[in-house]
Amino acid sequence: MPAARESLLDAAYTALARRPWSAVRMVDVAAAAGVSRQTLYNEFGSKDGLARALVRREADGYLAGVDRALAGHADPRDRLTATAEWTLVSARGNPLVRAMLTGCWGERLPAPALPAVPSGSAGPAQRRADGPLPSPADFVALVRDRAVGLLGPGVPRSDTAELARTCELVVRLALSCVTAPPADDGVADLVRGALYRQPVP
């Protein structure tokens, strides 16, 4: 039931934009998605299950954007700059992404526990929602490793560790811009400046 699942997640995200998560009601989410409340519970198990699945979907969307940013340019510096810019834009436009990247969950947002939680449901959607959610440190490692995986082929083995440090530096610089935004296009200038002083192997 992937279409119903996406509709329910869309409805939950829309509801969250209008009111705090504590005021979001399952019956309203189901009605907005055009399905029964039972379908909602069958898919996610509980309100916490819905929250976990929503956070997981937004995390997956952010990481898919990272992959697009890394693939969208030929020059390694441009790839890393685009990744930093995507991180800032994504965090500005999506409060769940911002919370995941910074670990700062406001009272308006769902704050599902990061560790895996047990599930009574055998459905695949519920198992996925029950898996562990990435922490801010996990996101640093995930983005760094994606960048190294894309930029690493052809880099001499002796330079791989330096490449990993450079990619992590860019990710951490982007995250600092999420919490203390620079003026205008400042993230690109900061990343380019850092890469100029710390060349990509």
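Hydrogens, waters and symmetry mates play no part in the numbers below; they use all other heavy atoms, side chains included.
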Q: Check for a donor-acceptor pair, side chain of Asp138 on one end and backbone N or O of Ser135 on the other, with a separation under 3.5 Å.
A: yes

Q. So how far is it from Asp78 CG to Glu85 CD, rounded to the nearest 0.5 Å?
A. 9.0 Å

Q.
Can a donor-acceptor pair be found, under 3.5 Å and without considering hydrogens, that links the side chain of Arg37 to the backbone of Val27?
A. no

Q: Over all heavy atoms of both residues, which pair between Ala53 and Arg5 is shortest? Give the atoms and the distance, please.
A: CB-NH2, 3.8 Å

Q. Taking only residues two or more places apart in sequence or in another chain, which ones pass side chain to side chain donor-acceptor pair (under 3.5 Å) with Gln38?
A. Asn42

Q. Between CG of Leu96 and CG of Leu101, what distance do you get to the nearest 0.5 Å?
A. 11.0 Å

Q) What do you reckon, is CZ of Arg108 surrounded by more than 12 foreign heavy atoms closer than 6.0 Å? A) yes

Q. According to the ring pair (Phe, Tyr, Trp, His ring centres under 6.0 Å) rule, which pairs have a member within residues 134-181, sequence neighbours left out?
A. Tyr62-Phe139

Q | Listed partners of Arg144 passing side chain to side chain donor-acceptor pair (under 3.5 Å), at least two apart | A | Glu168

Q.
Can you list everything that forms a salt bridge (charged side-chain N to carboxylate O under 4.0 Å, His left out) with Arg98? Sequence neighbours excluded, please.
A. none

Q: Sequence neighbours left out, what passes salt bridge (charged side-chain N to carboxylate O under 4.0 Å, His left out) with Arg19? Give chain and number order.
A: none

Q: Would you give the length of the straight line joining atom CZ of Arg165 to atom CZ of Arg172, rounded to the nearest 0.5 angstrom?
A: 13.5 Å

Q: Not counting sequence neighbours, which residues clear side chain to side chain donor-acceptor pair (under 3.5 Å) with Glu58? List them please.
A: Asn94

